[in-house]
Structure formats: structure tokens, C-alpha cells
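All remarks here apply to the structure that follows.
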Amino acid sequence: MIRTRFAPSPTGYLHIGGVRTALFNWLLARQSGGQFILRIDDTDRQRNVQAALQPILDGFRWLGLDWDEGPEADGPFAPYFQSQRGELYRRAVQQLLASGHAYRDYSTTEELQQQRREAEKAGRTFVYDRRWMAADDQQAQAFAATGRSCVVRLKMPREGECVIQDGVRGEVSVQWASEQDHVIQRADGSCLYHLASVVDDHAMQITHVVRAEEHLPNTPRQVFIAQSLGYPLPQYAHLPYVAEPGGSAKLSKRKLTKYRKNKEFQALMEHGERIAKRVRTEISEETFNPVIVDFYREIGFLPDAILNYLLLLGWALDGEREHFSREEMIKHFSLERVNKSPASFDPQKLLAMEVDWMMQLQRKRKIALVLPYLQAAGLVADPPPCEIAGLIGGVLEAAGDRVKMAGDILDFDFMFVAATDMPYDANAAAKHLQANPAACELLTKFIARLDQIEPFDPATIETAFKSFCAEHEIKVGQLIGALRVATTGQAVGFSMFETLTLLGRTETAHRIAQSIKKFRN
RNA sequence: GGCCCCUUCGUCUAGCGGUUAGGACACCGCCCUUUCACGGCGGCAGCACGGGUUCGAGUCCCGUAGGGGUCACCA
């Protein structure tokens, strides 16, 4: 039975790299009928945990990464908040103390820093001389009498090596001598992450610890803790981190300004902002950032596309197949095929993946996805009028992959406004209407022709328009631009004749007339 | 700086001793076309470097270089 866990600290947001780690853990559990556990590493903070946790849980729910045990799910090993498990950790510390694997240390932070600096200056590795280690209770009392407080440190081995069997990297060995006597319990009695993590992983019967590679250097001390406590070791696997676009450093929420210099990343952000500006009021780096999952949810990405993209960031089945549904991911995923090297986040590939998934969506589902955006932008009432689904569906179909994410429907806002509210692209109007009185003349004549088009569908309109142009001895291309601007306000868009069909005979006539009135010299 | 990890087209990757080094995204042409896209066809582009081992190395070994991670009473 495989049991995996993802252990976020409540920071208030879900990092895209974290999602990949979580996904791999989830996949491992799901493919074996095991459990995926969410455990909150809040040993360091007590306040506002719930508020800082909510965005993370929301993110998981939106992505469809369900957890079997954890916050709001409970489970046999509750509580799943480390801040509520202090007693367990303190017992482990007692055990370590009793067995001689840890000791009370009365040194001060300043003293240690001083020693570290000296070691550094002398060019040698700092090794604590255990000067303030209390060998027994008597000595502890003597140290305490001088007014010192104590922490508990691990009494790490100083010779030999620690060999870690890693599910991704294979065998990794580290000299014990390069390790420090890490603190596991603070002066105030609270315990630190490494201790808590090991204790919880064991208590919660975690079989596979799959986490980001920045934890690799921490692993020896965790192995030491586990072994000292008599725990069997979990299977470790350290995933390479997700690197920044066009770079090799770890993707970080804080480096947005730098990423903006990357053309593709910039394009993604601007795309997102274009949508966000229409559906919400405030846009700040804290809440609207492509490194955070919320960004994609807000602008209408498909969770499946994101998961699929992330899956391929560091894992491949055979280098050919790229599209995986959840079921397929679960079926095919394996740690052995996870890459060892970091993979940089590529906004363009993500977008391409999103388009692929979007194009596979059924019409009904797509309409439902897009509707909230139209409503948020004030283009469709809430509740929506029942005939609107036909229009939305038609626009979606005509737009094809121009609607890459749900929020892109707003690019076609002109299809949903009254003629009088139709926004014009100034350049397009100037070029095709204002500077082109001949086109305006012809369009006025074309209005009259509209009534003769029966049925009012793309093919018939096209035939009518083409013969209209022929009658007036011009090429279709010479007039269609003006027609487009007159009916949509835009220079570009999807098929002209489908556009007119969707608009309907009356609205088409209305828009042409209005545009000519507005722009004819 | 110490320790650890990593290194195939611009990017994500396939490759597990013998391949014209394959795919995808991006990019560039051409075709299609009423605009923008889609689509079709074609193209550009890669084994970091140096030594070994071997009949033969992208693949195994050792160095070098480069990149990265980590060195807390943070997680």
C-alpha cells in the first residue's frame, strides 16, 4: 500500500512547482490504490493558518487533486496540522535524548555564530565542539544556573557516510562529517521541521517521500533521526525543481520583475492581465502572478491542461506521446522515468497544451466555462437569458482556437453588446471607413440587399456578398475589410459570414448603418 | 567557499554500445485564404569540453568547465 503526502506550509498561495510535486505524489498514490495525504507544515507559524491555507486547498480542489486525509478531510492520523502535534514531537525528542542520539545544548546563538565565522575565516568546515553539551542532568543544571537556556541538538555521527537510495537519483552518499548537530527543539520547547517531518511521516505511515530536490541535502539528518528512533526508512525521491522561463534557477514567486524580461512570459502575463482587468478590480503581484496557480484559474485555464503540462515537466512516457488524461497519467506514471535535471517553465508550451485541451471540449461544457466571464464583464445578465447559449456556442465555434482559455471569450465582446455600445478599433475605423467613402457608399447599398438573403446563413450571405461585389466591379477583398469594421468594430476576427449570421439580419443592418453614420465624411 | 546534484535542438524531451540522433512547442518558408487564426507541406536547429574503455560511445568510467541546490533555534 503506497501512502504519499504533500506537506505545504500555509503561505497563502499555491506555487506552480509545488503543484507538480503534489501531482507526482498524487499519481503515485492513485495508481496503486493508495492514499494521498495533505499535511500542513505550520510548525513555524500559528496565526492565520486558516486564511493562508484556504488558497492552497482551493487550488487543489480546482485542479482535482483530491486528498484522502488532511484538512477538511480528517483521517485516522489526525490532526494534520503540525502545530497541533507538538506532544508527539516532544516525546520523540525525549526518546532521542534517552538513547543518546540527541543532547541538550546550552551554547548561545552568538557563540556559535562566532565559531562559524572563525572556521570560515580559517577555511575549514565548522564542526561544533559540543562545548556546551550537557552530558548529564547535573551538568545541565550547572549550565542552566549560569542563566543559559538550552536547545536540543542531534548528536550526529562524525565518521562514515550516509547512503540514500533515491527513487529518482539512485544512490547518493554524503559524509557524516559534513553534517552539523542540527537543532531539533527550540529553547521554547517547540520542535523543528526536520524532526516533525520524520515523526509525522512515520506516524502517518508514509511509504514514499517525494519532494523537491532542495530537500536532498536535508535527507541525511532525517535518515539519522528516523534510524535513531527505530523507524524504517521511507522510499525517498527527490524531484528536480521547476526552473524559471529561459533560465536555470528555481522558479520563484518573488522574481516576477526579472521574468517579465522574458518575452514569452511577458506575453502570458499581458494576456492574463487583459482578461483580469475585465473581471476584477485589483491586480497585484501578490495575487496575480503566473508562478501561482490562481493566475490560471482566474483567466480560465483548464486544470487538465495545467496538470498535463506539469506532468511533462520532468517526466516523459516515451518522448512521443504528450496528451494524458488523468486516468492515463495515473496508469502510466512512474518515478523511474522522472528526469534528474531541472526543467524550465515554458509559457508557450503551456499555452499550446491549453489550446489542445480546449479544442477537445464539448460545446456545452465550453459555454458553461465561458459564461461567467461574460457575466463578470457585464456582457451577459445573471441569470443569463435562455437564448444566449446559442449565441455563445456559435461564437465559440466560429472563434475556434482563438479562444485559448475561457477568459478569451472577452476578445469577442463585440458580439455581445448592443450596436450603440460597440467599441471601435480607432485605426481600423479610420482606415476602412473614414478614409474610404466609396466603401461606405457600397455598404449603404448592401444594407438593402440584406433583406434578399434567404436563408441568412454563411454560405448564402457569402454568395450574395460576392455577387454584390461583382456587380459593382470590385474585388471582395476591397470591401470586406470595411464590412468587418462596420459590423464588429475590429479589423480582425473570425469568418465574416459566420459573424453576420450570428449577428442576424437586423443587427447586421443596424450596425452597418450606425457605423456609416458615425464615420462617413 | 564546503557538501550534494545536474548537463541531447532556443524550450520540454526520446535514446538505456552500432540510429540518416526521433517527437513536441517555438521559429522560418510555401500552400490554403476576406482579416487574424486553424490546417497541410517543407525547413532551420542538439549530444558542454577533454581523456580513457571498446572493433564501435549521446549511451560506460575519470577529469574539466558550466549551471543549480544547500549550508538557521525557516519550511
Side-chain angles (χ1 to χ4, degrees), chain A residues 7-11 41-45 82 105 107-109 112-113 116 119-120 123-126 149-153 164 166 168-169 172-175 177-180 182-188 190-194 196-197 212-220 238 240-241 243 245-250 263-264 309 312-323 337 339-353 355-356 359 399-404 411 428 432 462 465-466 469 475-481 483-485 488 490-497:
Chain A
S9 58
T11 50
D41 275 4
D42 56 349
T43 49
D44 195 36
R45 53 201 100 206
Q82 293 195 317
D105 179 59
S107 64
T108 65
T109 314
L112 247 32
Q113 270 173 355
R116 270 204 193 90
E120 198 177 329
R124 49 168 216 276
T125 314
F126 167 70
S149 57
C150 78
V151 297
V152 177
R153 285 182 188 279
I164 299 158
D166 190 279
V168 170
R169 280 146 215 281
V172 178
S173 52
V174 181
Q175 294 298 316
S178 66
E179 286 288 314
Q180 302 294 317
H182 303 284
V183 173
I184 53 175
Q185 187 174 44
R186 298 184 183 92
D188 69 2
S190 64
C191 294
L192 277 89
Y193 165 77
H194 295 292
S197 178
E213 73 172 308
E214 58 247 40
H215 288 282
L216 188 54
N218 303 328
T219 308
H238 290 91
Y241 56 87
S248 50
K250 195 166 67 175
K263 220 173 106 193
E264 287 84 35
Y309 173 70
L312 262 24
L313 216 48
W315 179 87
L317 179 63
D318 55 13
E320 299 284 322
R321 185 151 166 210
E322 297 215 303
H323 292 93
R337 292 194 65 85
N339 268 303
K340 292 181 175 73
S341 49
S344 79
F345 181 81
D346 181 355
Q348 285 187 321
K349 179 93 183 193
L350 205 209
L351 196 61
M353 189 62 84
V355 170
D356 289 341
M359 291 311 283
D401 80 338
R402 293 171 184 85
V403 175
K404 301 181 197 301
D411 286 345
H432 290 283
E462 182 169 357
F465 185 73
K466 281 182 173 164
C469 289
K475 285 184 191 157
V476 169
Q478 289 176 278
L479 188 56
I480 204 157
L483 178 61
R484 183 179 294 283
V485 179
T488 68
Q490 308 294 311
V492 299
F494 46 80
S495 161
M496 187 73 267
F497 305 110

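Lettering of chains follows the sequences in order, A, B, ..., and the numbering in each one begins at 1. All values below were derived from every heavy atom in this structure, side-chain atoms included, with hydrogens, water molecules and symmetry-related copies excluded.
- The nucleotide B:C25 finds its pairing partner in B:G10, both defining distances of the Watson-Crick or G-U wobble pair being shorter than 3.5 Å.
- Under 3.5 Å, the side chain of A:Arg169 and the base of B:C5 form no donor-acceptor pair of N or O atoms.
- For A:Pro342, taking side-chain heavy atoms from C-beta onward, the closest of the listed nucleotides B:C6, B:A75, B:U70 is B:C6.
- A:Leu192 has its side chain out of reach of A:Ile184: every pair of non-hydrogen atoms, C-beta onward, lies at least 4.5 Å apart.
- Of the possible donor and acceptor atoms, one in the side chain of A:Gln180 sits under 3.5 Å from a partner among the backbone N and O of A:Phe126.
- Applying the Watson-Crick and G-U wobble criteria (two distances, each under 3.5 Å), B:U70 pairs with B:G2.
- Ring-plane geometry between A:Tyr193 and A:His215 is classed as tilted, the angle between the planes lying from 30 to 60 degrees on a 0 to 90 degree scale.
- Base pairing analysis places B:U34 opposite nothing; no Watson-Crick or G-U wobble pair with both distances below 3.5 Å involves it.
- Contact annotation for A:Tyr309: no contact, since no heavy-atom pair falls under 4.0 Å across all strands.
- Residue A:Lys250 places at least one side-chain N or O under 4.0 Å from the OP1 or OP2 atom of B:U70.
- In this structure B:G63 sits in a base pair with B:C49, meeting the Watson-Crick or G-U test at under 3.5 Å.
- Phosphate contact (OP1/OP2 of B:A75, side-chain N/O of A:Asn218, threshold under 4.0 Å): absent.
- A:Ser341 has no side-chain polar atom (N or O) that falls below the 4.0 Å cut-off from OP1 or OP2 of B:G68.
- The nearest heavy atom of RNA chain B to A:Lys466 and to A:Asp356 marks one nucleotide each, and the one closer to the 5' end goes with A:Asp356.
- Across the protein-nucleic acid pair, A:Trp315 atom CH2 and B:A24 atom C1' stand 14 Å apart, rounded to whole Å.
- When each of A:Val476 and A:Gly246 is assigned the nucleotide of RNA chain B bearing its nearest heavy atom, the one mapping closer to the 5' terminus is A:Gly246.
- The shortest distance between the side-chain N/O atoms of A:Arg116 and the OP1/OP2 oxygens of B:A72 is below 4.0 Å.
- Between the side chains of A:Asn339 and A:Ser341, not a single donor N or O lies within less than 3.5 Å of an accepting N or O.
- When heavy atoms are screened at a 4.0 angstrom cut-off, A:Glu322 is found touching base atoms of the nucleic acid.
- Under the 3.5 Å distance criterion, with hydrogens and angles disregarded, no donor-acceptor pair is assigned to the side chains of A:Arg484 and A:Thr488.
- Remark: the A:His194 side chain and the B:A75 base include a donor-acceptor N/O pair separated by less than 3.5 Å.
- Between the C1' atoms of B:C27 and B:C12, the separation comes to 16 Å (whole Å).
- Spacing between atom CG of A:Asp401 and atom P of B:G39 amounts to 7 Å, rounded to whole angstrom units.
- A sub-4.0 Å separation between OP1 or OP2 of B:C74 and a side-chain N or O of A:Arg186 is present.
- Shown are A:Glu322, A:Lys404, A:His323; of these, the side chain to side chain contact (heavy atoms under 4.5 Å, CB included) with A:Asp356 is made only by A:His323.
- The pairing partner recorded for B:G58 is none, the criterion being a Watson-Crick or G-U wobble arrangement whose two distances lie under 3.5 angstrom.
- B:G68 atom P lies 18 Å from atom CG of A:Leu216, rounded to whole Å.
- Residue-level contact check: A:Ser197 touches neither bases nor backbone, having no heavy atom under 4.0 Å from any strand.
- Side-chain proximity of A:Ala316 to the nucleotides B:U34, B:A14, B:G23 is greatest for B:A14.
- Close to B:A75, at under 4.0 Å from its OP1 or OP2, lies a side-chain N or O of A:Thr43.
- Under the stacking criterion of a centre-to-centre distance below 5.5 angstrom and an interplanar angle below 30°, A:His215 sits stacked against the six-membered ring of B:A75.
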